[in-house]
Amino acid sequence: MFATYLIGLREGLEATLVVSILVAFLVKSQRRDRLPQVWAGVGLAVALSVLFGWLIEYTSTSLLSRSDDRELFEAITSVAAVVFVTWMIFWMRRAARTIAGELRGKLTEALAVGSLAVAGMAFLAVIREGLETALIFYSAAQGAAGDSGPLLALIGGIVTAVVLGVLLYASALRINLSKFFTWTGALLILVAAGILKYGVHDFQEAGVLPGLSHLAFDITSVLDPSTWYAALLAGMFNVTPAPTVLETIAWVGYAVPVLLLFLRPARPKPAPTATTTVTERGADTGAEAEAASTPQRA
């Protein structure tokens with residue numbers, strides 16, 4: 001359940017920061033009349049994300065009658081989730097410094113067009129996080145059919161993210177967002193490695209990949225699946241005591257190089273020139289995902 005809580009926390013905080021940036025910009029620009037359109041766009045994005053998650057679950061449980069088809073569907077969604085996770089953490093690592101300015105620029109353009117453009121801009125800013133969350137959650141929670149724990153953990157992560165976002169917006173809380181996204185990104189890479197391993201296993205179950213009976217090792221006597229710590233490792237990172245050769249190759253082959261790339265120190269940027277414009281921070285600093293520094297009090 002920790003994996004789904006982490007997914008909800010990470011994706012939820014990203015979405016909350018985006019919404020906070022939009023709201024803070026409208027408040028500072030004396031355009032509170034456009035706040036209903038922002039909330040309408042956010043609400044529509046949340047509703048469609050929930051619908052997308054339900055559609056994935058419904059497809060797996062109701063539309064696909066053959067077990068092989070279900071295994072293949074789950075394998076494909078697992079691979080897609082890994083792609084989204086990888087893209088998301090590296091995108092946030094690269095774009096964190098500029099996302100606030102980009103959002104303000106797009107919102108300025110939307111204000112000039114009209115209310116529908118403002119709602120559409122807010123919708124597009126949030127829907128990506130919502131669709132990612134639904135897909136990643138479905139893949140991470142596979143094997144927990146009938147168990148409400150993963151869903152409750154996801155909701156708990158999202159609620160925590162919203163609370164943190166509100167406190168950041170109100171400048172009542174200081175968090176080093178750079179370290180937060182680095183640590184959660186590293187943990188999500190391990191979660192994604194487990195999702196990829198699960199996907200490989202599903203491909204083997206569906207007969208697409210061979211080697212279902214070829215185990216890389218068997219440490220069941222050491223890592224008893226019935227123990228709490230074995231269940232924790234399996235639930236968080238899909239570490240199991242008797243994986244197949246291909247599962248092991250997939251887990252290690254993804255986790256090791258991606259972690260090394262993600263944790264590699266960023267290249268230093270050239271020093272700003274005298275003509276560089278400093279971005280006004282003001283009341284929305286706590287909400288901006290400018291992850292290089294801790295948000296400062298307005």
Side-chain angles (χ1 to χ4, degrees), residues 1-18 77-96 99 128-144 149-165 168 173 175-201 223 228-240 243 247-248 250-266 289 291-292 294:
M1 289 193 295
F2 175 78
T4 53
Y5 176 83
L6 179 65
I7 291 168
L9 177 62
R10 167 81 186 216
E11 295 284 343
L13 187 56
E14 287 187 18
T16 302
L17 289 173
V18 167
T77 55
S78 293
V79 173
V82 172
V83 172
F84 274 116
V85 168
T86 308
W87 176 82
M88 176 261 294
I89 58 178
F90 279 98
W91 175 83
M92 177 55 75
R93 184 172 183 256
R94 184 187 69 253
I99 185 173
R128 178 181 62 84
E129 305 292 346
L131 296 180
E132 284 179 2
T133 302
L135 181 59
I136 298 168
F137 168 73
Y138 171 78
S139 300
Q142 289 183 46
L151 178 59
L152 294 176
L154 177 76
I155 295 173
I158 293 174
V159 171
T160 304
V162 172
V163 172
L164 290 176
L168 286 170
L173 179 68
I175 293 179
N176 189 317
L177 293 177
S178 178
K179 290 184 178 180
F180 174 85
F181 283 119
T182 297
W183 282 105
T184 56
L187 288 173
L188 275 180
I189 288 172
L190 297 179
V191 171
I195 293 175
L196 180 61
K197 176 177 174 289
Y198 198 101
V200 169
H201 182 80
L223 189 63
W228 67 268
Y229 50 86
L232 183 64
L233 286 174
M236 289 175 58
F237 310 124
N238 199 21
V239 175
T240 53
E247 286 179 278
T248 304
W251 200 100
V252 176
Y254 172 86
V256 173
V258 175
L259 268 176
L260 290 176
L261 286 173
F262 180 72
L263 297 176
R264 182 183 59 182
T294 303

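Counting from 1, the numbers follow the sequence of the chain as shown.
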Other residues, nucleotides, ligands: >12 heavy atoms within 6.0 Å of F262 CZ = yes

Do you see a donor-acceptor pair shorter than 3.5 Å between the side chains of T240 and K197?
-> yes

May I ask you to test the L154-T133 pair for a side-chain heavy-atom distance under 4.5 Å?
-> yes

So CG of L263 and OG1 of T182: to nearest 0.5 Å the spacing works out to 7.5 Å

Could you give the distance from CG (L196) to NE2 (H201), rounded to the nearest 0.5 Å?
-> 13.5 Å

All heavy atoms of T248 vs all of P243, minimum pair found to be OG1-CG, 3.4 Å

List the atom of R10, the atom of I89, and the distance in Å for their closest heavy-atom pair.
-> NH2-CA, 3.8 Å

Which of these, V258, T184, V82, sits in a side-chain contact (heavy atoms from CB on, under 4.5 Å) with I189?
-> V258

Check V191 against F237 and note the closest heavy-atom contact, atom names and distance.
-> N-CD2, 3.8 Å

If you take all heavy atoms of V85 and A192, which pair is closest and at what distance?
-> CG1-CB, 3.9 Å

Take F90 and T86, measure what side-chain contact (heavy atoms from CB on, under 4.5 Å) needs, and give me the verdict at the end.
-> CA-CA 6 Å; F90 279 98; T86 308; 4.0 Å; yes

Would you mind reporting whether L151 and F137 have side-chain heavy atoms less than 4.5 Å apart?
-> yes

Verify side-chain contact (heavy atoms from CB on, under 4.5 Å) between F181 and E14, making sure each step is shown before the conclusion.
-> CA-CA 9 Å; F181 283 119; E14 287 187 18; 3.7 Å; yes

Working to the nearest 0.5 Å, report the span between CD1 of I7 and OH of Y5.
-> 13.0 Å

Got N238 and I195 here, is their nearest side-chain heavy-atom distance under 4.5 Å?
-> no

Any chance you could measure L168, atom CG, to L13, atom CG, to the nearest 0.5 Å?
-> 7.0 Å

Show the numbers, then the answer: is there a side-chain contact (heavy atoms from CB on, under 4.5 Å) between F84 and R128?
-> CA-CA 10 Å; F84 274 116; R128 178 181 62 84; over 6 Å; no

Looking only at heavy atoms, the pair that brings L135 and A81 closest together is CD2-N, 3.9 Å

If you look at every heavy atom in A161 and L9, which pair is closest and at what distance?
-> CB-O, 3.6 Å

Does a side chain donor of either S78 or Y138 reach within less than 3.5 Å of an acceptor in the other side chain?
-> no

At what distance, to the nearest 0.5 angstrom, does CD of E132 lie from CH2 of W87?
-> 5.5 Å

Report the C-alpha separation of L190 and L259 in whole Å, then their side-chain angles, then the decisive distance to 0.1 Å, and conclude whether the side-chain contact (heavy atoms from CB on, under 4.5 Å) test is met.
-> CA-CA 8 Å; L190 297 179; L259 268 176; 3.8 Å; yes

Could you grab the distance from atom CH2 of W183 to atom CG of L188, nearest 0.5 Å is fine?
-> 13.5 Å

